[in-house]
Protein chains: 2
Amino acid sequence: MSWSKDEKDGPRGYHHGNLKEALLRAALELIAQKGPAGFTFAEAARWAGVSPAAPYRHFRDRDDLLANVALRGFEQFEIALARAWDNGRPDAFTALERMGKSYLAFARAEPAYYSAMFESGIPPGSTPELRAAGDRAFAVLREAAEKLCAQMPRHGRPPALMVALHIWAISHGIASLFGRGDAAHRTLPMSAEELLEAGVLVYLRGLGVPAEGAQPA
Amino acid sequence: MSWSKDEKDGPRGYHHGNLKEALLRAALELIAQKGPAGFTFAEAARWAGVSPAAPYRHFRDRDDLLANVALRGFEQFEIALARAWDNGRPDAFTALERMGKSYLAFARAEPAYYSAMFESGIPPGSTPELRAAGDRAFAVLREAAEKLCAQMPRHGRPPALMVALHIWAISHGIASLFGRGDAAHRTLPMSAEELLEAGVLVYLRGLGVPAEGAQPA
DNA sequence: GGCTTAATGTAAAAGCCATTTACATGAGCT
DNA sequence: AGCTCATGTAAATGGCTTTTACATTAAGCC
């Protein structure tokens, strides 16, 4: 019945039907266009075809919506990293490099998620779920570090947590400073991917890691 | 000469006397309290005791003020880094470690500047002055990398620019992710300073740098 | 000292946002 | 059919940003 017909996805009646989802998608799109700062609650509502007050039925406030976008971002991020890591196949070293590329690829392909996650001003611990999702994503990196460290000689073996933090830091640093080609970032004499790969390579050599199957010199 | 008396610093009459400066200081204070996102033009004006429209005589808009804060931040940052570098004394290695500590100390001591510089959404190239100031700050790091590389055996000597970028990235990554102890960041099993120092140490070992006066093994 | 001018503030208004409250609609269950 | 709760709407409040017309004053010039 409804009033006219049934337009693919537009709001059908008094009730939207899937507003929460629509708002999350709208927010993602708006953040992609104007950054987390430029994103407005009202515009997301407009985008979803509802009144400015409607979103409050699904999110406590603007920050809550932002935090949910970040949450979803961490989930996607974890998936992407885990897929790249692929359980350390064929070997930890190769898989780690692959994960590094995946890290930057995510930041580039999903700038809205990435900025919601790291540059929106939403504290990581603003909600337990958010923190947990962030931790799960980091856990992938940490697992990689564990596996990498495990195959080092027991002697000077570094703490895997520290290694994971270092790699996270340099990855995030590169993504954040040079992440995308847009005007919002600095330009580089090389690609971010090359820069990260080289950095991790040097770092791992510093740990004595490639003493695995490759030649140390 | 003045109008009524001379009260230390309060606005004396119709004209403020030093509004631009007052606004910059107010912005810095407000950003420190509520982050770059929470900072408002109107509140800065209130803080300076002028009407909401007054700031427009000194800054094109809110972003312009933010950019000027960032500009000032880069200048301070350059000074801090240069002081720590101290021309590479007593040796490049020691001086670099000192600069790393200085980097984090700045981020911690001047979170408002740091976030205006890197986390405010103001693009680095939004104005030529801003870009130049950023470049000057980076130049200090780059000089350090040059000096460090210069003392390496000519053979496998890495590009100094790349080294500078790597160190910048890991420094920024750590500052940005774990920078301050506040709720806005993640907590660590060690201090950010220790983490950075260890990371740079490993990285430099990977480059073969400490083959200077120390023992390579 | 007067006059002129440009710099610096103010007042008021338009338009957007976030958020709240009271009310409306309708989906699902009995 | 009747109830009830989830989900929307309308309208209002209070801030913020930015613009425009106007007020005040600092400074230079005679």
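Protein chains get the first letters and strands the later ones, always in sequence-line order, with residue 1 at the start of each. All values reported here derive from a predicted model rather than from experimental measurement.
For B:Pro52, there are no side chain to side chain contact (heavy atoms under 4.5 Å, CB included) partners, not counting sequence neighbours. Under the rule for a salt bridge (Lys or Arg N to Asp or Glu O under 4.0 Å), B:Glu75 has no partner lying at least two apart in sequence or in another chain. The side chain to side chain contact (heavy atoms under 4.5 Å, CB included) search around B:Leu28 returns B:Val69, B:Ala112, B:Tyr113, not counting sequence neighbours.
Look at CZ on A:Arg60: it is 10 Å from P on C:dT20, rounded to the nearest Å. As a whole-Å value, the separation of B:Leu30 CG from D:dT17 P is 11 Å. Distance, B:Phe59 CZ to D:dT17 P: 14 Å, rounded to whole Å.
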Inset, instruction - Encode nucleotides 6-18 of chain C as B, S and - characters from 5' to 3', where the letter depends on protein heavy atoms closer than 4.0 Å: B to the base, S only to sugar-phosphate, - to neither. - result: -BBBBB-----SS
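Legend: salt bridge (charged side-chain N to carboxylate O under 4.0 Å, His left out) pairs involving residues 162-177 of chain A, not counting sequence neighbours: none detected.
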I'd like a table of donor-acceptor pairs (distance under 3.5 Å, sequence neighbours excluded) in which one partner is a side-chain atom from residues 131-141 of chain A, with atom names and distances.
none

